[in-house]
Amino acid sequence: MPELPEVEVFVRRLQAIVGSTIIRAEVLDERLDLDGSLLDQAAITSVKRRGKNIVIGLGHRGDLVVHLRMSGRLRLHRSEVEVKYTRLILHLDSGDSVYFVNPRRLGTAAYYPSGFKANLGIEPLSRGFTASRLSQVAALSRSPIKPFLLDQQKIAGIGNIYASEALWRSRISPERAASNLKQDEVARLHKNIVSVLNEAIDGQGTSIGTRVSDYHPSVGEQGKFQNHLSVYGRETEPCERCGNAIARLKQSGRSTYYCKECQT
DNA sequence: ACATTATCCTGCACGC
DNA sequence: TGCGTGCAGGATAATG
């Protein structure tokens, strides 16, 4: 269930398909809003990430955009394989294939003939994402900071795990109004958003759980960042900073993990 | 401009 | 073993 770091790991591994041509797009799920024939003979010129979207550039033929949502994965296979929950296969002229596996069918694949225009906020790992920029965006929102961080139109790519982790590192309560954060708090949050995302990418993402829908950087491999989570999924465990029990609360229908003692 | 809820799906963990 | 309930790394539309 990927957030920015996990999507980034998939995108990096997919760089190998740049320069290949799609011979045939095999759509295996009628719920996908995609006419595979539109992709015939399209040459792949780039594979990029925008927020949690995977943007496969097809030159003048536009973009194919895959969003993995809760359970998807997008992976290169060197030969034809049988993978449960495969919903789309891009057969390439190289002989490789790209598999969109989407167990819960929440993920999407859409073709934009004129190019993808995302309605998304700033990339947190871009140069433009500075403490003052975060401060500007946060000042406009009275939303609690945790749901604020999940709002893709404010900052693109942060999800439920890394929002909790960045707030814990910053010692900021998830219930604080975004617009009420002090300058030093915004500065800490900015730094920790960047650090937690970069560390997670370096660790090949976070692999937790035993479900088919759980994230793995590639077949048989595990991410490593689950070993560095301080609060996510650790309700009742002691806070590694102050020893107080980690608590869980619901915000906008999502679980937030935090320490009531040292996040204020 | 917010929060909340339901919805889209499927599988799994849990309690009884 | 079976059944009901709740939960899941996401996003969006409807409602208040």
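Numbered from 1 within each chain, the chains take letters A, B, ... in sequence-line order.
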> Of the listed nucleotides (C:dG10, B:dC2, B:dT4), which one gets closest to any side-chain atom of A:M70?
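So the nucleotide nearest the side chain must be C:dG10.
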
> On the nucleotide B:dT5, are OP1 or OP2 found under 4.0 Å from the side-chain N or O atoms that A:R254 carries?
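No, because none of the side-chain N or O atoms of A:R254 sits under 4.0 Å from OP1 or OP2 of B:dT5.
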
> Counting only distance, no hydrogens or angles, is the base of C:dA8 paired donor-acceptor with the side chain of A:R211 under 3.5 Å?
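For A:R211, whose side chain was compared with the base of C:dA8, there is no donor-acceptor pair (under 3.5 Å).
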
> Rounded off to whole Å, could you give me the CZ-to-C1' distance for the A:R50 and C:dA11 pair?
16 Å

> Of the nucleotides C:dG10, C:dA8, B:dC8, which one has an atom closest to the side chain of A:Y257?
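When the side chain of A:Y257 is considered, C:dA8 is the closest of C:dG10, C:dA8, B:dC8.
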
> Please confirm whether the ring centroid of A:Y215 lies under 6.0 Å from the ring centroid of A:F10.
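A:Y215 vs A:F10: aromatic centres under 6.0 Å.
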
> Looking at A:H67, does any N or O in its side chain come under 4.0 Å of the phosphate oxygens OP1/OP2 on C:dA11?
yes

> Does a side chain donor of either A:Q263 or A:R241 reach within less than 3.5 Å of an acceptor in the other side chain?
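A:R241 and A:Q263 do not have a side-chain donor-acceptor pair below 3.5 Å.
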
> Are OP1 or OP2 of B:dC2 and a side-chain N or O of A:S252 less than 4.0 angstrom apart?
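A:S252 to B:dC2 OP1/OP2: no side-chain N or O under 4.0 Å.
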
> Select from A:P147 and A:T210 the residue whose nearest nucleotide in DNA chain B is closer to the 5' end of that strand.
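Closest to the 5' end, via its nearest nucleotide, is A:P147.
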
> Measuring to OP1 and OP2 of C:dC7, would you say a side-chain N or O of A:S255 lies under 4.0 angstrom away?
no

> Taking atom types as modelled, is there a side-chain donor on A:S97 or A:E80 under 3.5 Å from an acceptor on the other?
yes

> Which comes earlier along DNA chain B counting from the 5' end, the contact point of A:R105 or that of A:S143, where each point is its nearest nucleotide?
A:S143

> Counting heavy atoms from C-beta on, name the nucleotide in B:dT10, B:dG11, C:dG10 closest to the side chain of A:R87.
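So the nucleotide nearest the side chain must be B:dT10.
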
> Regarding A:N119 and A:Q153, do their side chains bring together a donor and an acceptor under 3.5 Å, going by distance alone?
yes

